[in-house]
Amino acid sequence: MRILFFGRGVISTQYAWAFEKAGHTVEFYVRKGRKKTFGSHIELEMWDARRGKQLIQENWNVKLHEEISPNYDLIIVSVNTEQLPKAAQILSTVAGNTPVLIFNNIWQDLKSSISPLSMNNVVFGFPGAGGGIADNRLRGGFLKMLFLEKPRAGTEQLNNKVKDLFESAHFKISWIKDMQNWLWNHFAMNAAMETEVLRRGSFPALLNHRDSFANVVKNMREIAPVLKARGAKNDMISLLLTKIPAPLLSTLFNKVIFAKGSLARLFIEYNNTKAGFSVIEVVKEAKKSGIPIPRLTAAFENNELAQHY
């Protein structure tokens, strides 16, 4: 299969590497001027958890384009959430009928998030990967599991194409019946996490404070009424975060989920992205619904992001 990744970010690069190793042709679309900046290779230091836990260290050659042609079997979009509308606009004018996998966090309703692309030509999914890129060096990793929406009417053939692609590279798919609701819950969890990141100063700093995850739980509980007002139902993770005592959950996060040496912890340690967009979106939604969310509002207003909104 010939695959074009929209952007050469952390998620795109890791999955592209895995697909190329599985025999597929992978290429990247980047913005004007980025081809020269990025160069023809990227240094990889990432953990591959498809068969155990293997450290990949490789200087990987990549093929970059600053124009998009419709000569691909699939286009995969995994960009910062705020960049998705622009990506969809670009693809609507140049991608033709090439099917698209939106591999992204999303807060909008799915149809408007990818307008003017057709829903019949799009499948939504979510990666099981993380990390960061600095000085053309990627540090991160990916899990065996990823998330993909169950076929909608008219997308069965496209879903099968995406399914076959991931399975050819030995990934395992967790099928999501209601992708809209799942993404709303995941975005809310991301906002709860980023609220604490804004307070601490960075993603790695989050891990250096014992009470960070207790605060993440408190943030999520504050967001719960916003999710309800939006029409979302709590998924299993959201229910746990809103029902189990915060100190117990904090211990679970610190000692188990983000224990030292775990891939989940490494994903945060290597994450050098700028936090805040998810917090802004949830704060805006809460104000629209008249729901007080003082913890998120305080984190947002005390950050430089507030100057731009």
Side-chain angles (χ1 to χ4, degrees), residues 5-17 28-31 33-34 37-38 42-47 62 76-88 102-108 113 125-143 146-147 183 185-209 212-213 215-216 219-220 223 253 257-258 262-284 296 299-300 302-309:
F5 283 84
F6 194 100
R8 200 217 60 176
V10 175
I11 304 302
S12 295
T13 302
Q14 294 188 89
Y15 282 97
W17 176 88
F28 297 86
Y29 163 76
V30 295
R31 286 177 288 172
R34 288 299 181 92
T37 302
F38 288 156
I42 181 169
E43 185 180 349
L44 304 178
E45 183 184 322
M46 62 189 188
W47 292 95
V62 294
I76 299 179
V77 179
S78 184
V79 296
N80 293 334
T81 309
E82 60 269 30
Q83 297 172 326
L84 183 57
K86 180 65 174 178
I102 302 295
F103 215 35
N104 237 81
N105 213 4
I106 297 173
W107 182 239
Q108 292 176 276
S113 72
F126 197 86
I133 297 177
D135 299 323
N136 209 39
R137 180 191 184 199
L138 185 153
R139 301 179 74 200
F142 54 87
L143 308 173
L146 60 101
F147 304 91
L183 285 168
N185 277 271
H186 188 276
F187 193 96
M189 179 60 195
N190 202 60
M193 183 81 76
E194 287 197 8
T195 299
E196 190 64 12
V197 172
L198 290 178
R199 292 182 67 241
R200 300 300 182 190
S202 69
F203 280 94
L206 182 81
L207 302 170
N208 297 327
H209 298 268
S212 287
F213 289 111
N215 288 332
V216 170
N219 298 339
M220 188 64 188
I223 297 170
F253 277 119
I257 299 174
F258 296 103
S262 69
L263 283 182
R265 187 180 183 91
L266 290 175
F267 292 171
I268 293 180
E269 287 179 346
Y270 297 153
N271 190 338
N272 56 2
T273 58
K274 192 172 185 178
F277 180 78
S278 62
V279 181
I280 293 168
E281 291 299 293
V282 173
V283 168
K284 285 162 59 178
L296 272 75
F300 164 64
N302 291 333
N303 189 272
E304 62 182 21
L305 290 167
Q307 301 172 12
H308 306 289
Y309 291 87

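All residue numbers refer to positions in the sequence shown, counting from 1.
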J.: What's the separation between atom CZ in F126 and atom CG in L146, rounded to the nearest 0.5 Å?
T.: 11.0 Å
J.: Quick one: list whatever passes side chain to side chain contact (heavy atoms under 4.5 Å, CB included) with F267, sequence neighbours left out.
T.: L143, L263
J.: Check whether Q14 reaches the backbone of G141 with its side chain - one donor and one acceptor, N or O, closer than 3.5 Å.
T.: yes
J.: Apply side chain to side chain contact (heavy atoms under 4.5 Å, CB included) to F213 and L207, showing your working.
T.: CA-CA 9 Å; F213 289 111; L207 302 170; 4.0 Å; yes
J.: Nearest 0.5 angstrom please: I280 CD1 to F300 CZ, how far?
T.: 5.0 Å
J.: Considering residues at least two apart in sequence or located in another chain, which fulfil the salt bridge (charged side-chain N to carboxylate O under 4.0 Å, His left out) criterion with R8?
T.: none
J.: Quick one: side chain to side chain contact (heavy atoms under 4.5 Å, CB included) partners of Q83, sequence neighbours excluded?
T.: V79, N80
J.: Do you know which two heavy atoms are closest between S12 and S78, and how far apart they sit?
T.: OG-O, 3.7 Å
J.: Show the numbers, then the answer: is there a side chain to side chain contact (heavy atoms under 4.5 Å, CB included) between L44 and T13?
T.: CA-CA 9 Å; L44 304 178; T13 302; 4.0 Å; yes
J.: Using 0.5 Å steps for rounding, measure from the CD1 atom of I102 to the CG atom of L183.
T.: 11.0 Å
J.: Who are the side chain to side chain contact (heavy atoms under 4.5 Å, CB included) partners of S278, not counting sequence neighbours?
T.: F187, N190, A191, E194
J.: For E269, what residues pass the side-chain hydrogen bond (donor to acceptor under 3.5 Å, both in side chains) criterion, not counting sequence neighbours?
T.: R265
J.: Mind checking whether M193 and N219 have side chains closer than 4.5 Å, heavy atoms only?
T.: no
J.: Who are the side-chain hydrogen bond (donor to acceptor under 3.5 Å, both in side chains) partners of N272, not counting sequence neighbours?
T.: none
J.: Please enumerate all residues that pass salt bridge (charged side-chain N to carboxylate O under 4.0 Å, His left out) together with E196, with sequence neighbours excluded.
T.: R199, R200
J.: Working to the nearest 0.5 Å, report the span between CZ of F6 and CZ of R31.
T.: 9.0 Å
J.: Under the side chain to side chain contact (heavy atoms under 4.5 Å, CB included) test, which residues partner Y270, sequence neighbours left out?
T.: E45, R139, L266
J.: Which donor-acceptor pairs under 3.5 Å do side chains of residues 127-134 form with protein atoms, sequence neighbours excluded?
T.:
none

J.: Looking at residues at least two apart in the chain, or sitting in another chain, which of them share a salt bridge (charged side-chain N to carboxylate O under 4.0 Å, His left out) with E82?
T.: none
J.: Side chain of S212, backbone of N208: donor and acceptor closer than 3.5 Å?
T.: no
J.: Apply side-chain hydrogen bond (donor to acceptor under 3.5 Å, both in side chains) to N104 and list each qualifying residue two or more places apart in sequence or on a separate chain.
T.: none
J.: Please round to the nearest 0.5 Å and tell me the distance separating atom CD1 of I106 and atom CD of E281.
T.: 12.5 Å
J.: Suppose we screen for side-chain hydrogen bond (donor to acceptor under 3.5 Å, both in side chains). Which residues come up paired with W17, at least two apart in sequence or across chains?
T.: E58
J.: Any idea which heavy atoms bring F203 and I268 closest together, and the distance?
T.: O-CG2, 3.2 Å
J.: List the atom of I42, the atom of N136, and the distance in Å for their closest heavy-atom pair.
T.: CG1-O, 3.4 Å
J.: Which heavy atom in A87 sits nearest to a heavy atom in V77, and how many Å separate them?
T.: CB-CG1, 4.2 Å
J.: Answer with yes or no after comparing the ring centroid distance for Y15 and F103 against a 6.0 Å cut-off, counting only values under it.
T.: yes
J.: If you compare all heavy atoms of A299 against all heavy atoms of T195, which two are closest, and at what distance to 0.1 Å?
T.: CB-CG2, 3.5 Å
